[in-house]
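Have a look at the structure below, then the notes.
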Protein chains: 2
Amino acid sequence: MSKQNTLFKDAYNRSLIQLGGTQTLPSEPEMAASLQVSRTTVRAILQRLADEGLIAWDKRSKIVLRAPLADDYFPSAETHSTHDVVERGFMKRLMGADVGSQINELELARELGVGTSSVREFLIRFSRFGLIEKRPNSHWVIKGFTRGFALELADIREMFEVRSALAFVQLPKTETIWTGLDKIEVEHRALKASIDSDYGQFSELDERFHRLIHGSTDNRFIIEFYDIIAMVFHYHFQWNKKDEKKRNAAAIDEHLAYITALKSGDSIEAELTCRRHLRSARATLMASTPAT
Amino acid sequence: MSKQNTLFKDAYNRSLIQLGGTQTLPSEPEMAASLQVSRTTVRAILQRLADEGLIAWDKRSKIVLRAPLADDYFPSAETHSTHDVVERGFMKRLMGADVGSQINELELARELGVGTSSVREFLIRFSRFGLIEKRPNSHWVIKGFTRGFALELADIREMFEVRSALAFVQLPKTETIWTGLDKIEVEHRALKASIDSDYGQFSELDERFHRLIHGSTDNRFIIEFYDIIAMVFHYHFQWNKKDEKKRNAAAIDEHLAYITALKSGDSIEAELTCRRHLRSARATLMASTPAT
DNA sequence: AATATGTCTTCTATCGTCAATAAACATTTG
DNA sequence: CAAATGTTTATTGACGATAGAAGACATATT
């Protein structure tokens with residue numbers, strides 16, 4: 001079947017949302033920028049919008065004729081790239097898999113309904129997370145999401161983040177990164193106020209906060225390492241919702257203390273609050289990781 | 001053309017070397033273990049050895065008939081897997097490439113005479129080194145082997161190795177890793193004695209030494225990080241042989257001081273000698289990296 | 001003259017295919 | 001009866017092919 005036009009479908013759906021607010025659509029390059037796709041795809045979208053009677057398109061004039069209906073959207077299942085399908089399918093299996101068990105590319109591809117190369121490429125990309133390993137000319141071995149993995153991960157995380165926090169404190173207050181911190185602090189206070197209902201939004205805020213801190217180092221290895229943390233938290237806690245509200249509420253307070261320490265410019269205090277938060281994050285992760 | 005039998009050819013060549021020393025060959029499983037291939041490949045090798053009149057093969061009896069000649073070996077060009085071909089070809093191009101320039105999978109594949117998927121998979125695997133980056137649905141961007149890269153690499157390396165060295169000192173003397181250190185120390189002294197002629201052997205010893213130190217941590221991220229260092233040193237100094245003898249002689253002395261400190265059990269001294277060596281390694285790397 | 005649109009070319013993402021290789025199973029041998 | 005050999009099956013590694021998407025170039029519009 002070669003390639004699926006999932007990018008087109010996803011961008012088309014997003015363009016329908018944008019359509020709601022205006023009478024005319026902007027120029028093709030502008031649309032390309034806002035949808036994050038090439039002009040080729042934008043033109044395909046415009047073509048379909050016109051065909052479906054949603055807009056009248058003649059060169060520069062793109063007049064909205066009617067608001068989009070639920071039926072105009074592509075089903076969300078069709079908007080996921082093969083890569084996403086493989087990632088989700090694999091992660092679901094990985095979380096429950098035994099240490100030492102093998103991965104069969106062909107079998108996984110068949111189960112997910114994709115080609116073997118998509119699976120292969122995903123596994124290669126995923127291998128940098130240290131959870132699987134390849135035996136050349138042979139199968140992949142699952143090293144498992146174990147306690148050992150969580151500990152090793154937490155150790156490096158602490159090294160990197162303490163270093164970043166100390167670098168952060170040293171940054172001149174004129175840097176734009178401080179504005180980012182202010183903004184994130186406000187978001188923390190807002191979420192704290194509505195924690196009872198919005199606690200599910202914390203994980204996204206958490207990631208942005210830690211990535212901001214890491215931004216102070218300018219070291220690609222530290223910045224890229226956070227991808228592993230983000231992956232672990234994303235998938236692990238997707239299937240471990242226990243005590244989520246309580247955990248997140250506690251983490252917000254730790255973040256706020258951490259932010260205050262950073263702003264104070266006191267290195268000792270910054271390191272202390274940073275380590276305190278990371279220790280608690282580590283404990284949370286360990287508590288929800290099977291003992292084996 | 002599907003797959004090339006480079007593994008078979010390489011293993012066949014290696015079996016010819018082994019053939020020199022004996023009158024009979026061992027059992028198939030034993031050969032498989034010694035050549036690091038499956039029995040399927042061993043049997044193909046035996047078949048060819050018999051066809052070429054090098055051995056008389058009848059079930060368990062494998063009698064050597066004659067010593068292998070130069071002509072019996074496959075040309076070494078045929079024994080490199082596609083992966084190796086891509087790696088070498090790519091690295092050669094990368095070292096001279098400009099920051100920000102693009103990589104074209106198809107073009108690279110054509111130049112190297114391999115399929116696109118081999119190139120793709122190599123690039124995906126290589127991307128974990130932080131020297132290239134993918135724009136989804138589009139090209140790869142070269143981030144370049146720059147001074148910045150070298151600095152970032154050296155920073156992380158120092159963090160990790162100091163940590164490993166401190167963990168090393170704490171290990172009980174009963175651990176087998178100490179025997180490994182003793183062995184490596186002897187090798188250092190031997191190489192020091194014959195440095196004038198054998199200085200080229202240092203890089204291999206260097207890698208084994210540092211990997212041994214890292215082995216004390218039991219942290220997969222630290223251990224895997226050394227792959228990046230090894231790659232950089234391997235390829236970078238393959239094209240920068242300037243002052244090699246002098247550099248290596250100095251490094252051996254640094255290693256010996258470092259080893260002595262480790263054996264003394266003195267953490268302060270271990271950290272000091274470790275940092276001293278890494279600083280000098282960093283300086284060497286920086287000195288041979290273009291200023292841009 | 002700068003920006004937008006129209007057209008064409010090239011490259012990526014993905015699939016199916018097949019030889020090389022590994023691995024599993026069955027049979028023989030010391 | 002344990003280890004080796006013989007036989008069969010399944011999986012990986014690599015390729016070419018093709019639709020989707022990006023990008024380059026030419027032309028038109030304000």
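Below, chains carry the letters A, B, ... as their sequence lines are ordered, and counting in each starts from 1.
Between A:Arg110 and B:Gly115, the residue anchored nearer the 5' end of DNA chain D, judged by the nucleotide with its closest heavy atom, is A:Arg110. In this structure, A:Arg120 and B:Glu28 both approach DNA chain D, and ranking their closest nucleotides by distance from the 5' end singles out B:Glu28.
Closest approach of B:Ile55 to B:Val64, counting heavy atoms only: CG2-CA, 4.1 Å. When all heavy atoms of A:Arg211 and A:Ile223 are compared, the pair lying nearest together is NH1-O, 4.0 Å.
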Output one line per pair: protein atom, nucleotide atom from nucleotides 20-24 of chain D, and distance, for all N/O pairs under 3.5 Å.
unit_1: D:dA21; atom_1: OP1; unit_2: A:Leu7; atom_2: N; d: 3.0
unit_1: D:dA21; atom_1: OP1; unit_2: A:Phe8; atom_2: N; d: 3.3
unit_1: D:dA22; atom_1: OP2; unit_2: A:Ser38; atom_2: N; d: 2.9
unit_1: D:dA22; atom_1: OP2; unit_2: A:Ser38; atom_2: OG; d: 2.5
unit_1: D:dA22; atom_1: OP2; unit_2: A:Thr41; atom_2: OG1; d: 2.5
unit_1: D:dA22; atom_1: O5'; unit_2: A:Ser38; atom_2: OG; d: 3.2
unit_1: D:dA22; atom_1: O3'; unit_2: B:Ser138; atom_2: OG; d: 3.4
unit_1: D:dA22; atom_1: N7; unit_2: A:Thr40; atom_2: OG1; d: 2.6
unit_1: D:dG23; atom_1: OP1; unit_2: B:Ser138; atom_2: OG; d: 3.0
unit_1: D:dG23; atom_1: O6; unit_2: A:Thr40; atom_2: OG1; d: 3.2

Between the protein and nucleotides 28-30 of chain D, list the N/O to N/O atom pairs that are separated by less than 3.5 angstrom.
unit_1: D:dT29; atom_1: OP1; unit_2: A:Lys59; atom_2: NZ; d: 3.4

- prompt: ring-ring contact (aromatic ring centres under 6.0 Å, His included) between A:Tyr235 and A:Phe145: does it pass, once the steps are laid out?
  reply: CA-CA 11 Å; A:Tyr235 282 104; A:Phe145 187 79; over 10 Å; no
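A heavy-atom distance below 4.5 Å is found between the side chains of A:Ile103 and A:Ile142. Contact annotation: the side chain of A:Lys62 approaches that of A:Leu46 to within less than 4.5 Å [non-hydrogen atoms, C-beta and beyond]. Residues A:Phe74 and A:Phe8 are in side-chain contact: their nearest non-hydrogen atoms beyond the backbone lie under 4.5 Å apart.
Exactly one of A:Met95, A:Arg93, A:Arg88 qualifies for a side chain to side chain contact (heavy atoms under 4.5 Å, CB included) with A:Met91. That residue is A:Met95.
Here salt bridge (Lys or Arg N to Asp or Glu O under 4.0 Å) pairs that include residues 12-29 of chain B, with residues two or more places apart or in two chains, are B:Asp10-B:Arg14, B:Glu28-B:Arg39, B:Glu28-B:Arg43.
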Side-chain polar contacts of residues 123-132 of chain A - donor-acceptor pairs under 3.5 angstrom, sequence neighbours left out - could you list them?
unit_1: A:Arg125; atom_1: NH1; unit_2: A:His83; atom_2: ND1; d: 2.6
unit_1: A:Ser127; atom_1: OG; unit_2: A:Ile124; atom_2: O; d: 2.6
unit_1: A:Arg128; atom_1: NH2; unit_2: A:Asp227; atom_2: OD2; d: 2.9

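If one axis is set at each end of the helix from C:dA1-D:dT30 to C:dG30-D:dC1 from five pairs, those axes are 40° apart, to 10°.
Considering only side-chain N and O atoms, B:Ser118 lies under 4.0 angstrom from the phosphate OP1 or OP2 of D:dC15.
Checked against D:dT12, D:dT5, C:dT5, the side chain of A:Pro29 finds its nearest nucleotide in C:dT5.
A side-chain N or O of A:Glu105 and one of A:Trp140 form a donor-acceptor pair less than 3.5 Å apart.
Checked against side chain to side chain donor-acceptor pair (under 3.5 Å), B:Glu224 has no partners two or more places apart in sequence or in another chain.
Following rounding to the nearest Å, B:Leu123 (CG) and D:dA14 (P) show an atom-to-atom distance of 14 Å. A:Asn104 places its CG atom 13 Å from the C1' atom of D:dT9, with the value rounded to the nearest Å. At whole-Å resolution of the value, CG in A:Leu106 and C1' in C:dA22 are 14 Å apart.
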